[in-house]
Amino acid sequence: MSGTFGKGHHLHLIDGSAFIFRAYHALPPLTRKSDGLPIGAVSGFCNMIFKMVEDNTGPDAPTHVAVIFDKGSHTFRNDMYDLYKANREAMPEDLRPQIPLTRQATEAFNIACKELEGFEADDIIATLARQAREAGGRCTIISSDKDLMQLVGDGVEMLDAMKNTRIDRDGVFDKFGVYPDRVVDVQALAGDSVDNVPGAPGIGIKTAALLINEYGDLDALLERAEEIKQPKRRQTLIEHADQIRLSRKLVLLDDRTPLDFTLDDLEVREPDSDKLLAFLAEMEFRTLTKRVAEKMGAEMPTIEDTPALPDAPQVDDVPFDTDNYEQVGDAGTLEKWLDAIYEAGHVAIDTETTGLNEMTADLVGISLAVEPGKACYIPLIHKANRGDDLFGSDDLAEGQMDLDTCLGMLKPVLEDPSILKIGQNMKYDVKILAQVGIAMAPIDDTMLMSYAQHAGLHGHGMDALSERYLDHTPIPIKPLLGSGKSAITFDKVPLEDAVKYAAEDADITLRLWKLLKPQLHAAQVTKVYETLERPLVPVLADMERAGIKVDRDTLSRMSNAFSQKMAGLEDEIFGLAGRKFSVGSPKQIGEILFDEMSLDLPDGKKPAKGKSGAWSTGADVLEDLATVHDLPRRILDWRQLDKLKSTYTDALQNHINKDTGRVHTSYSIAGASTGRLASTDPNLQNIPIRSEEGRRIREAFVAEEGKTLVALDYSQIELRILAHIADIPELKQAFADDIDIHALTASEMFNVPLPEMTPDIRRQAKAINFGVIYGISGFGLARNLRIPRAEAQGFIDRYFERFPGIRTYMDDTKAFAKKHGYVQTLFGRRIHTPEIGAKGPRAGFAARAAINAPIQGTAADVIRRAMIRMPDAIRNLPARMLLQVHDELLFEVEQGAEEELISTARKVMEDANEPVVRLDVKLTVDAGQGSNWAEAH
DNA sequence: ACGCTCACG
DNA sequence: GACGTACGTGAGCGTA
């Protein structure tokens, strides 16, 4: 049947996304045998399409058919309401690569495949259904999405393909309590939590239908809201009238979308058997390929049965060629790249900026790569010359896109939940793009993939990874930027060089991703990567961008006070030493004390000499020496002040951001091998607290006017984890009973009843407890406690006797590390211990590190999980998370909401191990609050 | 660039 | 039997 669509014609419209999701959830996670590509949803999709083709015979068969897909995440509905669909969960990791394949499948079946930027599939379906109806034909929408039910009637029906049930006007009435023409009114009132349509609070479908049926339609209802008898209902409708009208706009489908095709283009076509079978064979669908071949009377193509070797190099064998990279200078060229990105479903991205600090750096350009060797650079604000020419202008270089135009085009892609953005150290790029209003998601990060697999084995910077995995040395940045005083920023780098350098970074990143991603599964660290590494990126980006307010005047006053004290100390020091010298020089101190003054330690010996041959003058040495002379104590005091002044009160002032008045640290996620974060520029994880003088520096970390700082820290988390992992009944019981753990240890070891415990015995036990966590040795404990080595060894022996599980844990852990080359945390994080088999002292180091890593690492995992869950948990509180200090989280909260924040955040932290790891000990969190960090802690 | 020292958990 | 040792970090300074 052909001719213009009209009476007697029957159009089938398949809701592509709904089909894919159903297929995905209905089937186990199948993968392609040869390379492990996830393929379950594609398989289900193809089977459903084929079943439809097979079933569609007889008088009711469609004459026209199309599969309609969503395109992009940003639609006109987001312009009306920016929270539209904001509750949507991210697309599952193994589904994303299957989306483009389902489009290919549709084409292979020779079925029209349609989508339209800026509109949802539902709008296209609405438009086509209207056209079919107006032309006098019939239309069946294959979907069970209730949002489409407003279209039913007058020749338009829905078909639930899974249940094989048709939904007509009566079916809609069953579901909504109204007929299709009033469905949007009911939806506007009831709202939709899945799409985040607000609706009227407290009103569901039942009540909504009741009201609409009583008043006729929504407008009449809102107009006559005063007449409603129930006071609560009346008030809700009056108060939220605007929100309800907005909700109706959101749920009302647009049946006038501009389409570049007509119904006639959708006429049913016979598939090309060669093309279809080739596609099915490529997917390695054996059964389906056979069935299709039989039905079409064609030869069954062969499907290779040999899976690729798991370790075979996966990355395409494309040589690096910097001449092949493209400079993107206009919208048309960029459009071409965006098409390629949508085709692939992923893109590697790298941002170039004017500096390394994301808070002060400006975006200079963006590079993209979609397949190995195919990369581009979009320069945005490069200067026409290097800027070192006195007469040179700061004009922009030719051939660059307008910044806003470019970002406007990129934003929908970078925020599209179906397009995966791949980067190396994505926290940097996420922060840079956040500065220009782009919330990039979802992401993958090659640095974190490497870290999840190989923590402890090697670094995870791009240069190191490229050398190691791609056997390729990236173009070094140094020659482009220069160094020292004549260094230039990237916007001054000539475009020709910039394109090569920047595009290569994206190319390398994409290749690393292709290589490292499949290895995650093999190394069994996919869970670690997906639950402990990647989700931390946006959380840390937000914390770093928030920063913490630091009061410059407080620091400045402290600096001055320190200067004065140090000047006084210097006079005393020079008097005692008999001459002037540089007090900051350990070498000169050693010469004065041990050569010129010939001082000896209390045991009559001299201290050790360091690698450079100078006397060791560390605090422990000077502390001992202080018992025989006054000078060492003065030097210790001077050093403490020098440290506080130079590292804290002076240096911190230089880190106060000019625009925000706050200090913004940067956390490295893949720095510490154990899974701990590290804080840099500045390090806010080592702000003084142990000495009273140093502790006062925390007074300079303040809450904003009208706000409070709240600190929550895990109590003894590492010892709790040790008690669990090593399975020590006495320790577990002590934590269950909230008994002072160090006192308990002392009581067990030294046979002192708890009521008779003295601070000194407790102090020794505390040192032993910490020693255990660090891989205790008699020597180390002796030095720490300043007791003879034999005595320390005696303590350790008694400890092991009392808690034999500890020794077992230590021995087992060392044996595991020797056998596997790594140890693991309770959450599966791997920490490699390559030196464990070494000879000499290095083996001792490695053994102690191996003993410590599962404990420190598990604690790190716990707080990571808490941090990842925190933003959602506190999203309705006027609070934000600012800092992490290993076992502590610091928040800033509006005054009045402190207690609510504490109870909410505490719960998240105390339950952070659940549900994947059950602990025999509870986790306990202490809380404090105040106008500055000293008070809050 | 490297070692020393010292701040934190 | 000798050797050197508590675990994990980052920053500032002096010295080469």
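For the numbers below, each heavy atom of this structure counts, side chains included, while hydrogens, waters and symmetry mates do not. To find a chain, count down the sequence lines: A is the first, B the second, and so on, and within it residues start at 1.
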### Message
Going by ring pair (Phe, Tyr, Trp, His ring centres under 6.0 Å), name the pairs with one or both residues in residues 788-807 of chain A, residues two or more places apart or in two chains.
### Response
A/Phe750-A/Phe795, A/Tyr799-A/Phe803

List the atom pairs, with distances to 0.1 Å, where a side-chain N or O of residues 845-862 of chain A and a protein N or O form a donor-acceptor pair under 3.5 Å, not counting sequence neighbours.
unit_1   : atom_1 : unit_2   : atom_2 : d
A/Asn852 : OD1    : A/Gln856 : NE2    : 3.2
A/Asn852 : ND2    : A/Ile773 : O      : 3.1
A/Gln856 : OE1    : A/Thr674 : OG1    : 2.8
A/Thr858 : OG1    : A/Leu826 : N      : 3.2
A/Thr858 : OG1    : A/Pro854 : O      : 2.6
A/Asp861 : OD1    : A/Arg829 : NE     : 2.7
A/Asp861 : OD1    : A/Arg829 : NH2    : 3.2
A/Asp861 : OD2    : A/Thr825 : OG1    : 2.7

### For DNA chain C, the dot-bracket pattern of Watson-Crick and G-U pairs whose distances stay under 3.5 Å, | for other-strand partners
......|||||||||.

### Message
Distance criterion of 3.5 Å, no angle test: do you see the side chain of A/Arg842 paired donor-to-acceptor with the base of C/dT5?
### Response
no

Give each protein N/O atom lying under 3.5 Å from an N/O atom of nucleotides 7-11 of chain C, with the pair distance.
unit_1 : atom_1 : unit_2   : atom_2 : d
C/dC7  : OP1    : A/Arg848 : NE     : 2.9
C/dC7  : OP1    : A/Arg848 : NH2    : 3.3
C/dC7  : O2     : A/Gln856 : NE2    : 3.4
C/dG8  : O4'    : A/Gln856 : OE1    : 3.4
C/dG8  : O4'    : A/Gln856 : NE2    : 3.1
C/dG8  : N3     : A/Arg676 : NH1    : 3.4
C/dT9  : OP1    : A/Ser673 : N      : 3.1
C/dG10 : O4'    : A/Asn683 : ND2    : 2.9
C/dA11 : OP1    : A/Asp681 : N      : 2.9

### Message
Suppose the criterion is ring pair (Phe, Tyr, Trp, His ring centres under 6.0 Å): which pairs have a residue in residues 665-700 of chain A, not counting sequence neighbours?
### Response
none

### Task
Tell me, please, the opening and closing nucleotides of DNA chain B, 5' to 3', among those with an atom under 4.0 angstrom from a non-hydrogen atom of chain A.
B/dC4 to B/dG9

## Note on the structure
From CZ of A/Arg786 across to C1' of C/dA6 the rounded distance in Å is 14 Å

### Task
Grab the CG-C1' distance between A/Leu644 and C/dG12 for me, whole Å please.
13 Å

### Query
Among residues 605-618 of chain A, which contact DNA chain B at a heavy-atom distance under 4.0 Å?
A/Gly610, A/Lys611, A/Ser612, A/Ser616, A/Thr617, A/Gly618

#### Entry: Sorted by number, the residues of residues 793-809 of chain A with heavy-atom contact under 4.0 Å to DNA chain C
none

### Query
Taking atom types as modelled, is there a side-chain donor on A/Ser715 or A/Thr924 under 3.5 Å from an acceptor on the other?
no

### Query
If you look only at pairs with a residue in residues 580-589 of chain A, which of them pass as a side-chain hydrogen bond (donor to acceptor under 3.5 Å, both in side chains), with sequence neighbours excluded?
none

### Message
According to salt bridge (charged side-chain N to carboxylate O under 4.0 Å, His left out), who are the partners of A/Glu623, at least two apart in sequence or on a separate chain?
### Response
A/Arg633

### Message
Can you list everything that forms a salt bridge (charged side-chain N to carboxylate O under 4.0 Å, His left out) with A/Lys766? Sequence neighbours excluded, please.
### Response
none

### Query
Are the ring centres of A/Phe581 and A/Phe574 closer than 6.0 Å?
yes

### Task
Determine the minimum heavy-atom distance between A/Ala711 and A/Ala936, stating which atoms define it.
CB-O, 3.7 Å

### Query
Which residue pairs pass the ring pair (Phe, Tyr, Trp, His ring centres under 6.0 Å) test with at least one member in residues 623-652 of chain A, sequence neighbours excluded?
none

### Query
What is the ring orientation for A/Trp615 with A/Phe594, classed by angle as parallel under 30°, tilted 30 to 60°, or perpendicular over 60°?
tilted

